[in-house]
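Just so it is clear, the model here is predicted, and its values are computed rather than measured. Along the sequence shown, residues are numbered consecutively beginning with 1.
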Amino acid sequence: MDVYEAVASRRAVRASRDDPVPRAVLERVLTAAARTPSGGNLQPWHTYVLTGAPLAELKKRTAERAAAGDPGDEPEYRMYPPEPKSPYRQRRSAAAARRFEALGIRREDVAARRAAVAANWRCFGAPCLLLCYIDRAMGSAQWSDLGMYLQTVMLLLRAEGLHSCAQMAWSVYHRSVAEVVSPAADLVLFAGLSIGFEDPSEPFARTGRAPLAQTVTFLDDDAPSSPARRAGGLPGVRGRVVRAPSTPGAYGSLNVTGRQQW
């Protein structure tokens, strides 16, 4: 599998078989993922990998809290802006709408939606969970390093025939997680990564991505002058600036809220 195929086939898989993931494969993936770039080579990730009895105990504790309607522990970081502006709000709402539609869950079926969210804490059936922590003294630049690390892990898992699902949801019950893994007191749980072999019998919806023109600006010698150059910046550079459309319904309109939303 080449890199492009790994990127194209990677998605959040929320239905896995319970076939065990070989320890040798996990070690090979995580050894290679250590080559992830990080500013100053800080390598700020602290990783715990759970299988077997430890994972079963964690699933039990978090599932009980979710079933009881426990809203979770005091957040140690903010998952999303309190009021995401356009187009980010529409993108998140559209992704949630597509997922619930694929599962056959109606918008007004609150109980079914909660049950779908609660599946996070069962790892969606996956037999392996990676938990990614960071030292609370680190700044936003180091948190971005965690994203590069997890993306590297997810792509390497695809090369091994495995799928995964990144889940900030594990941070909702970070105290229960800490009771099982006993992390150092100066570590903050960022996210989990459920790892396993996909169960193809489960329905899913592939979420879309914004067109390149909405997220990328090319600056080159042949394009019309860019606003930056007209304002006196980037001397001698000409560029194409493409603005995202402001149409409110461009990405759907379903309003889905909740700290555990992904």
Subject >> Any Asn120 side-chain heavy atom under 4.5 Å of Trp170 side chain >> reply: no
**OP:** Compare all side-chain heavy atoms of Cys128 with those of Leu26 and state whether any distance is below 4.5 angstrom.
**Re:** yes
Original post:
Tell me the salt bridge (Lys or Arg N to Asp or Glu O under 4.0 Å) pairs involving residues 122-134, sequence neighbours left out?
Top reply: none
Original post:
Have Ser171 and Glu76 got a donor and an acceptor in their side chains that come within less than 3.5 Å?
Top reply: no
Original post:
Below 4.5 Å, heavy atoms only, C-beta onward: do Phe100 and Arg113 meet side chain to side chain?
Top reply: yes
**OP:** Would you please name every residue forming a ring-ring contact (aromatic ring centres under 6.0 Å, His included) with Tyr77, sequence neighbours left out?
**Re:** Trp143, Phe190
Subject >> Min side-chain heavy-atom separation Leu219-Thr217 under 4.5 Å >> reply: yes
Subject >> Results of salt bridge (charged side-chain N to carboxylate O under 4.0 Å, His left out) for Arg23 - residues two or more places apart only >> reply: Glu27
Subject >> Residue pair Leu157 / Leu193, side-chain heavy-atom distance below 4.5 Å >> reply: yes
Original post:
Under a single-linkage rule joining Ile, Leu, Val, Met, Phe, Trp and Tyr whose side-chain heavy atoms are separated by less than 4.5 Å, which residues share a cluster with Tyr4?
Top reply: none
Subject >> CD (Glu101) with more than 12 external heavy atoms under 6.0 Å >> reply: no
Subject >> Rounded distance (nearest 0.5 Å) linking atom NE2 of His163 with atom CD of Glu198 >> reply: 4.5 Å
Original post:
Is Pro127 close to Val21 at the side-chain level, that is, under 4.5 Å between some pair of heavy atoms?
Top reply: yes
**OP:** Applying side chain to side chain contact (heavy atoms under 4.5 Å, CB included), name anything that partners Ala102, two or more places apart in sequence or on another chain.
**Re:** Ala205
**OP:** Group every Ile, Leu, Val, Met, Phe, Trp and Tyr by side-chain heavy-atom contacts under 4.5 Å, then state whether Val153 and Leu155 land in the same group.
**Re:** no
**OP:** Report the distance from atom CD of Glu202 to atom OG of Ser16, rounding to the nearest 0.5 Å.
**Re:** 10.0 Å
Subject >> Thr31 side chain near Arg28 side chain, heavy-atom distance below 4.5 Å >> reply: no
Original post:
Is the CZ atom of Arg206 crowded by more than 12 outside heavy atoms at less than 6.0 Å?
Top reply: yes
Subject >> Gap separating the SG atom of Cys165 from the CZ atom of Arg10, nearest 0.5 angstrom >> reply: 9.0 Å
Counting only pairs under 3.5 Å, give me each side-chain donor-acceptor contact of residues 173-180, with atom names and distances, residues two or more places apart or in other chains.
residue: Tyr173; atom: OH; partner: Asp70; partner atom: O; Å: 2.6
residue: His174; atom: NE2; partner: Glu74; partner atom: O; Å: 2.8
residue: Ser176; atom: OG; partner: Arg65; partner atom: NH1; Å: 2.9
residue: Glu179; atom: OE1; partner: Arg61; partner atom: NH1; Å: 2.7

Original post:
Measuring from Tyr88:OH to Glu83:CD, what's the distance to the nearest 0.5 Å?
Top reply: 15.5 Å
Original post:
Is there a donor-acceptor contact under 3.5 Å linking the side chains of Arg209 and Thr207?
Top reply: yes
Original post:
Below 4.5 Å, heavy atoms only, C-beta onward: do Leu150 and Leu130 meet side chain to side chain?
Top reply: yes
